[in-house]
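Structure, as structure tokens:
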Amino acid sequence: MSWPEFLAVYASERGPLRLGDWSATTLPAGRSAFEATIAVGDTIHSASALACGPVAGMTAMLYDLGFGIEIHSFHRHDLGDLHVTFLLCGSGARRTWVMGMGESGVESTLRAMIAGINRTHTAAAGR
């Protein structure tokens with residue numbers, strides 16, 4: 001499989017979800033307020049969540065938009081200015097590996113989560 005083919009399969013940003021802006025505000029007691037702009041199809045949503053970390057925040061936002069995701073395995077590699085996250089994630093009965101890349105560990109993880117939803121949703125819709 002070529003690198004472009006690998007990216008199209010495992011790091012797909014094509015699908016029902018696209019991530020726009022993301023921000024976090026630190027709050028007392030180890031919590032943060034997260035805000036994101038998430039496109040679902042042609043509709044842009046402003047999402048927010050209070051959580052202890054960005055994965056929990058994004059999971060809550062996705063769930064509120066009707067897209068559940070479970071992370072079964074998490075691996076991140078920080079390569080200088082590039083961060084790559086690999087997830088084994090599931091939605092319903094489907095499990096799949098996905099990848100996200102970004103300028104920070106958080107960005108790469110969020111992109112991997114979006115790829116997970118896109119990949120599991122596309123596979124479920126094709127059944």
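Shown here are the side-chain contact (heavy atoms from CB on, under 4.5 Å) partners of Ile71, two or more places apart in sequence or in another chain: Val55, Phe74, Leu87, Met113. In terms of the salt bridge (charged side-chain N to carboxylate O under 4.0 Å, His left out) criterion, residue partners of Arg76 (sequence neighbours excluded) are, by chain and number, Asp78. Here Glu103 pairs with Glu107 under the side-chain contact (heavy atoms from CB on, under 4.5 Å) rule; sequence neighbours left out. Remark: Ala56 engages Ala51 in a side-chain contact (heavy atoms from CB on, under 4.5 Å) (not counting sequence neighbours). Judged as a side-chain contact (heavy atoms from CB on, under 4.5 Å), and not counting sequence neighbours, the contacts of Thr96 are Cys89, Arg94, Val98, Arg119, Thr120.
Under the 30°/60° scheme for interplanar angles, the aromatic rings of Tyr10 and Phe6 are found to be tilted.
Leu7 has its side chain within reach of Trp3: a pair of non-hydrogen atoms, C-beta onward, lies under 4.5 Å apart.
Between Ser73 and His75, the shortest heavy-atom contact is OG-NE2, 2.9 Å. The shortest heavy-atom contact between Phe34 and Trp22 is CD2-CZ2, 3.3 Å. Among all heavy-atom pairs drawn from Ala36 and Met61, the shortest one is CB-SD, 3.7 Å. When all heavy atoms of Cys52 and Arg31 are compared, the pair lying nearest together is SG-CG, 4.1 Å. The two atoms that bring Gly102 and Ser108 nearest to each other are N-CB, 3.6 Å, heavy atoms only. The minimum heavy-atom distance linking Ile44 with Ala39 is given by the pair CD1-CB, 3.7 Å.
Remark: side-chain polar atoms of Ser32 are not paired, donor with acceptor, to backbone N or O of Ala24 under 3.5 angstrom. With hydrogens and angles disregarded, a donor-acceptor distance shorter than 3.5 Å links the side chain of Asn118 to the backbone of Leu17.
In this structure, CZ in Arg111 is found 11.5 Å from CE in Met99, a value given to the nearest 0.5 Å. Distance check: Leu110 CG to Met58 CE gives 4.5 Å after rounding to the nearest 0.5 Å.
Note on Leu62 and Val40: same hydrophobic cluster, where clusters join Ile, Leu, Val, Met, Phe, Trp and Tyr whose side-chain heavy atoms are under 4.5 Å apart, directly or indirectly.
Put simply, the residue from Ile114, Ile38, Ile117 that forms a side-chain contact (heavy atoms from CB on, under 4.5 Å) with Phe67 is Ile117.
For residues 36-58, the set of pairs meeting the side-chain hydrogen bond (donor to acceptor under 3.5 Å, both in side chains) definition, not counting sequence neighbours, is empty.
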